[in-house]
Amino acid sequence: NISVTDCDGTVSSVPSMEDVVCTIPEVNEWFEIEVDTRISGDSPSDSFNLALDYGNITVDWESNGGLDSITDITGLSDSRLLHQYTTEGIYTIRIKGFGAFRFQDKPEASKILSKKNNGSFNHNSLDGAFRKCVNMVDLATDTLIAPSNMRSCFLRCYNLTPLYYVNTSEVSTLQSCFYETSLNADLGAWDLRKCTNMGTFAALVTTWSTPNYNASLMGFLRMQAGD
């Protein structure tokens with residue numbers, strides 16, 4: 001017999017390689033957020049306004065396969081970004097395409113409960129993308145591919161826990177990225193070789209544990225040294 005180890009570490013015994021079945025897990029390419037329309041925001045209690053500064057996107061407003069194509073977005077006031085539901089409540093919104101989210105300081109930001117999946121969405125900028133999404137937690141377990149600008153991306157996201165991996169290899173500015181958040185993570189693996197601005201990166205953060213802070217700092221220093 002042949003011993004086979006599954007992805008989860010389970011060891012099985014099979015007579016031959018012909019008995020081995022390889023299953024490739026499906027990749028979720030959607031960027032997903034969960035919103036509660038009943039929370040006070042810019043839109044009525046049965047609606048949500050997707051704050052996208054520009055871009056071309058496909059949106060599944062209710063995760064039911066009903067797709068809405070929105071191209072050549074003209075700015076945050078583009079009326080096509082406002083969706084009215086049949087009833088008020090909690091919905092998962094799925095998005096594909098490219099563009100720049102800009103919930104920065106908008107009351108609508110409070111309606112976001114979580115970021116559920118990063119997918120393959122092409123963020124042209126994360127400058128102020130989720131700034132003051134005060135109720136948002138990060139539930140995404142896949143990698144967020146970050147663009148050059150992450151300035152104030154999660155500023156005052158008071159419930160931003162947990163935080164999973166972010167590919168920062170192209171990031172040049174992290175200014176105020178985690179300003180006054182609930183950050184508590186080991187960021188030591190972040191690639192910051194192109195980053196030139198980390199001013200007030202995690203200012204007023206009181207939740208960062210000493211082990212995670214030290215591990216992050218040591219990782220940053222190793223990266224600066226070229227290791």
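Computed from a predicted model, the values in this text were never measured in an experiment.
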Taking atom types as modelled, is there a side-chain donor on [X] or [Y] under 3.5 Å from an acceptor on the other?
X: S172; Y: T196; answer: no
X: S152; Y: S176; answer: no
X: S45; Y: E88; answer: yes
X: N212; Y: N184; answer: yes
X: T92; Y: K116; answer: yes
X: K132; Y: S110; answer: no
X: S169; Y: N167; answer: yes

Identify, with sequence neighbours excluded, every residue that meets side-chain contact (heavy atoms from CB on, under 4.5 Å) alongside N197.
-> T173, Q175

Check the surroundings of atom OH in Y213: do more than 12 heavy atoms from other residues, nucleotides or ligands lie under 6.0 Å from it?
-> no

Could you pull out all residues at least two apart from Y91 that satisfy ring-ring contact (aromatic ring centres under 6.0 Å, His included)?
-> Y85

Considering only NZ, NE, NH1 and NH2 on the basic side and carboxylate oxygens on the acidic side, decide whether K194 and E170 come within less than 4.0 Å.
-> yes

Is any side-chain N of the basic residue among K106 and D42 closer than 4.0 Å to the acidic one's carboxylate O?
-> yes

Linking Ile, Leu, Val, Met, Phe, Trp and Tyr through side-chain heavy atoms less than 4.5 Å apart, which residues share a cluster with I39?
-> I90, L113

L81 and L76: which non-hydrogen atoms are nearest, and at how many Å?
-> CD1-O, 4.5 Å

F98 and Y54: aromatic ring centres closer than 6.0 Å?
-> no

